[in-house]
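Reminder, nothing fancy here: chain letters follow the sequence lines and each chain counts from 1. These numbers come from a predicted model, not from an experiment.
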Number of protein chains: 2
Amino acid sequence: MRQRTSLQLRTIQQVFESSKHPLLAEEALSAAQRKLPSLGIATLYRAIRSLRNSGFLKVVELPGESTRYEMSCKDHHHHFHCRKCKRVFEVESCPAAIKNFKLPDFVIEDHEITFYGLCTSCKDA
Amino acid sequence: MRQRTSLQLRTIQQVFESSKHPLLAEEALSAAQRKLPSLGIATLYRAIRSLRNSGFLKVVELPGESTRYEMSCKDHHHHFHCRKCKRVFEVESCPAAIKNFKLPDFVIEDHEITFYGLCTSCKDA
DNA sequence: ACAGAAATGATATTGAGTTATCAATATCGC
DNA sequence: GCGATATTGATAACTCAATATCATTTCTGT
């Protein structure tokens, strides 16, 4: 697919490497533009596609939210969505009970949990 | 908002009353059209809005999926998304552990769980 | 039955997110 | 460094869910 590497691609990759939470396309664009102000939205989406194809990035979908992206090398985790600042944080622990959760009529292969509430900054503000 | 009731509205309401799972606009439309073939998409969306305003319907958002709607009178529950037939089922039980789940830096006010796997029909097929 | 108002249905429009187009630019093997 | 070509950036175009428009139909109170 991609045959050459470019400053733009490397910059976008670094944005995700240095982010502690999954990013919206918009957020990734702003972050990348801080280093390369002329970087365009098309390039951002092209880079995201490359990085997904190469397995570097994966999609993070939260209910009712637009798509976010994060590095795929992370361990199994869930997300916390602050209802005040709207930011999404990673929740590293996964309630053990959920992994052993069984349902009579279904074969559970995976699960996704989204927590809602207030993040540290917002709860103290 | 709405001042008169109509056959269309009643039909759409019945569709949700008799459905065991949350419905996409598309699905609700097809179901309603089985009784009123001429019913249009605009009427469907208008009815959904009315039924939401009146508190009868609520929104169900699943990660990466378009909006579904279900009756809001149901108890706290979660959803199961069959990766084969793509249908969404209700999961009435909620793992107790999740309600008591705490995180050091966050105030958890709510949670949303989506299970993925195979439903009864698909696991046996 | 009639007039006024509300609801319908067909369709145009919106808006958000994403992809396609294409001339200009940057990259890489030689 | 040069030439071939992959990538970029600006922007047009697309997709999909949802809403607005508006002429027509239906309902309701008198």
Name the atoms and distances for all side-chain donor-acceptor pairs under 3.5 Å in residues 100-108 of chain A, with sequence neighbours left out.
none

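- Axis angle, first five pairs versus last five pairs of the helix from dA1(C)-dT30(D) to dC30(C)-dG1(D): 40°, rounded to 10°.
- With sequence neighbours excluded, the residues satisfying side chain to side chain contact (heavy atoms under 4.5 Å, CB included) with Ile41(A) are Leu29(A), Tyr45(A).
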Please report, to 0.1 Å, the donor-acceptor pairs under 3.5 Å made by any side chain of residues 81-91 of chain B, with sequence neighbours excluded.
from: His81(B); atom 1: NE2; to: Lys86(B); atom 2: O; distance (Å): 3.2
from: Arg83(B); atom 1: NE; to: Glu109(A); atom 2: OE1; distance (Å): 2.5
from: Arg83(B); atom 1: NE; to: Glu109(A); atom 2: OE2; distance (Å): 3.4
from: Arg83(B); atom 1: NH2; to: Glu109(A); atom 2: OE2; distance (Å): 2.8
from: Lys86(B); atom 1: NZ; to: Arg83(B); atom 2: O; distance (Å): 3.1
from: Glu90(B); atom 1: OE2; to: Lys74(B); atom 2: NZ; distance (Å): 2.8

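- Between the CG atom of Leu39(A) and the P atom of dT8(D) there is a distance of 8 Å, given to the nearest Å.
- Under the side chain to side chain donor-acceptor pair (under 3.5 Å) rule, His79(A) has a single partner from Glu65(A), Glu70(A), His21(A), which is Glu70(A).
- With sequence neighbours left out, the ring pair (Phe, Tyr, Trp, His ring centres under 6.0 Å) criterion links His78(A) to His76(A), His111(A).
- Of the two residues contacting DNA chain D, namely Ala42(B) and Arg2(A), the nearest-nucleotide position lying further toward the 5' end is that of Arg2(A).
- Across the protein-nucleic acid pair, Leu29(B) atom CG and dC16(D) atom C1' stand 15 Å apart, rounded to whole Å.
- A search for side chain to side chain contact (heavy atoms under 4.5 Å, CB included) contacts involving Ser72(A) returns Lys58(A), not counting sequence neighbours.
- Sequence neighbours left out, not one pair with a member in residues 19-32 of chain B passes salt bridge (charged side-chain N to carboxylate O under 4.0 Å, His left out).
- Per the geometry, CD belonging to Glu65(A) stands 17 Å off C1' belonging to dT18(C), to the nearest Å.
- Atom CD1 of Ile12(B) is separated from atom P of dA7(C) by 13 Å (rounded to the nearest Å).
- By the side chain to side chain contact (heavy atoms under 4.5 Å, CB included) test, Gln13(A) is found to be paired with Glu17(A), Leu51(A), Phe56(A), residues two or more places apart in sequence or in another chain being considered.
- Shown for residues 13-27 of chain A: no residue has heavy atoms falling under 4.0 angstrom of DNA chain D.
- Between Gln8(A) and the phosphate of dG9(D), there is a side-chain N or O to OP1/OP2 separation shorter than 4.0 Å.
- Other residues, nucleotides and ligands contribute more than 12 heavy atoms inside 6.0 Å of the NZ atom of Lys123(B).
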- request: Report, as a single string ordered 5' to 3', how protein heavy atoms within less than 4.0 Å touch nucleotides 25-30 of chain D: B base, S sugar-phosphate only, - not at all.
  value: --B---
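- Listed by chain and residue number, Leu9(A), Arg10(A) satisfy the side chain to side chain contact (heavy atoms under 4.5 Å, CB included) test with Thr5(A) (two or more places apart in sequence, or in another chain).
- Not one side-chain nitrogen or oxygen of Tyr69(A) sits closer than 4.0 Å to the OP1 or OP2 atom of dG17(C).
- With values rounded to the nearest 0.5 angstrom, Glu112(B) atom CD is found 6.5 Å from Asp110(B) atom CG.
- Between the CG atom of Leu7(B) and the CG atom of Leu36(B) there is a distance of 4.5 Å, given to the nearest 0.5 Å.
- Proximity of residues 44-56 of chain B to DNA chain C (heavy atom under 4.0 angstrom from any strand atom) is restricted to Arg46(B).
- Contact between Pro95(A) and Ile113(A) at its shortest, heavy atoms only, is CD-CD1, 4.2 Å.
- Phosphate contact (OP1/OP2 of dT8(D), side-chain N/O of Ser38(A), threshold under 4.0 Å): absent.
- Ser66(B) comes within 4.0 angstrom of sugar-phosphate atoms only, judged by non-hydrogen atoms across all strands, and of no base.
- In this structure, CG of Leu36(B) is placed 13 Å from C1' of dA7(C), rounded to the nearest angstrom.
- Around the CG atom of Asp124(B), the shell of radius 6.0 Å holds more than 12 heavy atoms that belong to other residues, nucleotides or ligands.
- For the pair Gln33(B) CD and dT8(C) P, the interatomic distance rounds to 14 Å; values are reported in whole Å.
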